[in-house]
Amino acid sequence: MRINSAVKLGTVATFAAIVLAACGSSSSSSTSAAKGQTLKWMEASALPSMDISKATDQVSGETMNNTGEGLLRIGKNNKLTPGVAKSYSKSKDGTVYTFNLRKSKWSNGDPVTAQNFVYSWQRTVNPKTASQYAYLLAPVKNADAISKGKQPVSALGIKAQGKYKVVVTLTKATAYFPSLVASPTFFPQNASVAKKYGSKYATTAQANVYNGPFKLTYWTGTSDNWSMSKNANYWNAKNVKLKKINFKTMKDPQTALSQYQSGKLDATYLSGQQPKNYKNSKEYVERKSAGTFYLELNEKKDSMLRNKHARQALSMAINRNQFINKVLEDGSTPAKGVVATGLASYKGKDFTDVANVKSASTQNLMQAKKLWKQALKETGRKSYSLTFMADDTPAGKNAAEFIQSQWAKLPNLKVTNQNLPFKTRLSRSQNGQFDVVATAWGADFPDPISFLQLFTSDNAYNNGKWKSAAYDKDIANVNGKDANNESARWNDMVNAQKTLLNDQGVIPFYQQGKAQLVKSNVKGLIYFPTGANWDFSKTYIAK
């Protein structure tokens with residue numbers, strides 16, 4: 001997913017230290033049973049949507065992840081656990097998955113059936129729905145053709161065998177498919193409820209039903225606050241300890257901090273100078289997200305940026321640690337590559353450690369100057385000017401100024417900053433109207449391919465037009481002949497990132513982080529860096 005703000009998914013990122021707001025308790029009253037097990041949480045913006053087929057933002061994703069449940073669930077450390085499916089199996093060639101469902105209920109008492117999944121997935125890929133996340137279903141047989149209006153929704157490769165068995169047929173083996181079905185886009189939907197409410201479906205708390213640990217009990221569709229209560233019909237309700245979660249949107253970090261200090265909220269994100277001030281607190285926590293910021297260089301436009309030594313020099317000139325510690329101060333970390341640290345591991349080793357090319361993401365100013373002089377000579381230049389494009393937010397301007405100051409140390413290089421409104425910058429990036437642009441990607445699922453597929457020579461997100469036949473071959477093998485061979489597939493991805501970094505196809509910058517204060521009596525929080533981020537099903541307030 002492209003990141004464009006603290007809450008929006010699906011587009012190119014702003015260069016911003018995330019400013020997240022906090023919440024106090026909901027204005028709606030709690031029942032006596034909820035006292036003591038009510039979590040007071042915050043979000044960065046109001047809840048935009050509860051329509052599984054249409055929601056694209058992080059706040060909606062977090063809410064749906066707690067009020068709904070898919071075939072599987074993503075838990076701590078991205079580990080998959082049973083959800084509505086109590087077990088599943090796949091065919092030898094990895095193209096057919098069979099999910100055996102447990103007997104569970106919606107919040108209105110209706111049974112959750114295999115047909116609920118068939119209806120939901122078909123609704124999402126139906127072009128009439130206009131789902132922005134329909135592309136996530138691409139591995140499912142005929143999904144792309146249906147989305148383009150070339151086949152009927154009934155041709156989608158998902159079938160119900162009786163009430164409690166779902167059979168999914170893929171176009172080809174897809175190793176990360178089990179992780180996909182754990183994301184909100186793949187959750188079931190109750191067709192009778194959707195048809196009952198029509199255009200009003202999922203626009204308020206009451207115009208929907210829920211099959212997750214909690215049910216939405218207050219949300220008008222436009223309110224800045226909303227509430228969840230424990231779903232008594234959830235199949236594992238006996239292990240859900242929270243009775244209620246109250247959410248409220250506030251946009252001033254200092255007000256949020258004040259509410260946290262006064263006990264009106266149980267957690268708050270920190271921004272600006274706040275992380276530095278509270279770093280020694282026992283309640284201070286840093287959360288890493290699976291979002292990597294990097295710089296794209298337009299190789300199609302200019303021979304200088306096609307020069308490998310020039311790209312390496314620009315990367316080596318950047319002091320990422322200084323940017324993290326002096327500018328962001330928010331729990332972010334220097335990027336080791338394009339794939340986020342902590343996203344995936346194999347045989348106990350993190351992908352970023354195995355696929356690391358240290359020179360591609362570490363400052364070496366002496367070598368950078370040497371390589372830059374060499375690039376000028378190789379391209380027949382005495383000097384060079386480039387424009388660095390980023391967003392026009394205050395944080396975007398700060399980041400651009402930092403990069404400009406770093407590159408000013410290279411001989412005979414002039415850098416002009418261009419800070420533009422997000423939509424304008426996005427359009428120019430996509431149309432190749434840039435020299436160097438700041439961008440980012442957040443993983444939709446915990447697999448390195450979520451990042452690596454971006455840089456094949458024919459990928460629409462490869463705005464810099466970097467090309468490598470070796471890279472393309474490795475990625476083709478990941479999704480092709482090695483898709484069902486875990487070891488070979490892992491090696492393909494490792495080789496691909498090393499190829500990208502050795503050639504400095506992009507310049508890794510930093511991995512996004514969030515600094516947070518959490519009350520010491522809040523236990524059992526489950527945070528994961530991809531997608532919906534939070535799972536409150538095991539959270540409780542200690543006495």
Side-chain angles (χ1 to χ4, degrees), residues 1-2 9-12 51-56 61 70-72 90-91 93-99 114-160 166-189 430 441-463 471-484 489 492-493 496 530-531:
M1 63 190 178
R2 289 289 194 186
L9 312 183
T11 42
V12 181
D51 189 328
I52 285 169
S53 295
K54 296 180 179 180
T56 61
L71 294 165
L72 303 174
K90 67 176 179 178
S91 61
D93 66 356
T95 61
V96 179
Y97 283 79
T98 301
F99 296 91
Q115 188 58 40
N116 295 149
F117 287 92
V118 175
Y119 169 76
S120 182
W121 295 17
Q122 287 181 348
R123 181 173 181 265
T124 298
V125 298
N126 190 331
K128 292 181 180 179
T129 304
S131 170
Q132 293 184 47
Y133 266 17
Y135 75 90
L136 286 177
L137 281 94
V140 181
K141 186 177 180 180
N142 297 325
D144 284 342
I146 296 167
S147 295
K148 295 174 182 177
K150 295 181 179 180
Q151 288 202 45
V153 294
S154 59
L156 188 65
I158 178 173
K159 306 296 178 186
V166 174
V167 179
V168 181
T169 303
L170 307 183
T171 302
K172 57 187 178 182
T174 305
Y176 54 86
F177 185 69
S179 294
L180 283 180
V181 303
S183 65
T185 304
F186 291 77
F187 285 6
Q189 297 181 63
Q430 294 172 333
W441 187 263
D444 290 300
F445 48 90
D447 190 279
I449 198 64
S450 182
F451 288 94
L452 297 175
Q453 63 189 354
L454 304 176
F455 306 105
T456 55
S457 55
D458 61 350
N459 193 288
Y461 289 113
N462 183 3
N463 295 321
Y471 187 90
D472 288 349
K473 182 179 179 181
D474 280 329
I475 299 303
N477 289 340
V478 168
N479 295 322
K481 76 178 185 68
D482 294 333
N484 219 23
R489 183 177 182 274
D492 291 334
M493 293 189 291
T530 58

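- Within the model, atoms OG1 of Thr169 and NZ of Lys159 stand 8.5 Å from one another, a figure rounded to the nearest 0.5 Å.
- Nearest heavy-atom pair, Asn459 versus Leu454, reported as atom, atom and distance to 0.1 Å: CB-O, 3.3 Å.
- Within 6.0 Å of the NZ atom in Lys473, the count of heavy atoms belonging to other residues, nucleotides or ligands does not exceed 12.
- The backbone N or O of Val153 sits nowhere less than 3.5 Å from a side-chain atom of Asn126 that would complete a donor-acceptor pair.
- Atom CD1 of Ile449 and atom CD1 of Ile475 lie 4.0 Å apart (nearest 0.5 Å).
- Listed for the Ser183 side chain is a donor-acceptor partner under 3.5 Å among the backbone atoms of Leu180.
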Val167/Val96 under side-chain contact (heavy atoms from CB on, under 4.5 Å): CA gap, chis, key distance, verdict: CA-CA 7 Å; Val167 179; Val96 179; 3.8 Å; yes
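- Nearest heavy atom pair, residue Ser53 against residue Ser131, reads O-OG, 2.7 Å.
- Relative orientation of the Phe455 and Tyr471 rings is perpendicular, given thresholds of 30° and 60° on the angle between their planes.
- Between Phe177 and Phe186, the ring planes lie perpendicular to each other; the angle is over 60°, past the 30° to 60° tilted range.
- A pairwise comparison of heavy atoms in Phe445 and Ser179 identifies CB-CB, 4.2 Å as the closest pair.
- In this structure, OG1 in Thr171 is found 11.5 Å from CG in Asn479, a value given to the nearest 0.5 Å.
- Going from atom CG of Leu156 over to atom CZ of Arg123 covers 14.5 Å, rounded to the nearest 0.5 Å.
- The shortest heavy-atom contact between Ile52 and Ser120 is CG2-OG, 4.2 Å.
- Judged by distance alone, the side chain of Asn142 and the main-chain N or O of Ala155 form a donor-acceptor pair under 3.5 Å.
- The aromatic rings of Phe117 and Trp121 sit perpendicular, their planes meeting at an angle over 60°, well past the 30° parallel limit.
- Atom CG of Leu137 is separated from atom CD1 of Ile146 by 9.5 Å, given to the nearest 0.5 angstrom.
- Atoms CZ and CG, from Arg489 and Asn484 in turn, are 10.0 Å apart once rounded to the nearest 0.5 Å.
- By the 4.0 Å N-to-carboxylate-O rule, Asp492 lies too far from Lys481 to be salt-bridged with it.
- Between Gly94 and Leu170 the shortest heavy-atom distance is O-CD1, 3.9 Å.
- The two residues Ala138 and Asp144 come nearest to each other via the heavy atoms CB-OD1, 3.6 Å.
- Heavy atoms of other residues, nucleotides or ligands lying less than 6.0 angstrom from NZ of Lys141 number 12 at most.
- Ser147 has its side chain out of reach of Tyr135: every pair of non-hydrogen atoms, C-beta onward, lies at least 4.5 Å apart.
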Test side-chain contact (heavy atoms from CB on, under 4.5 Å) applied to Val166 and Ile158, step by step: CA-CA 7 Å; Val166 174; Ile158 178 173; 3.8 Å; yes
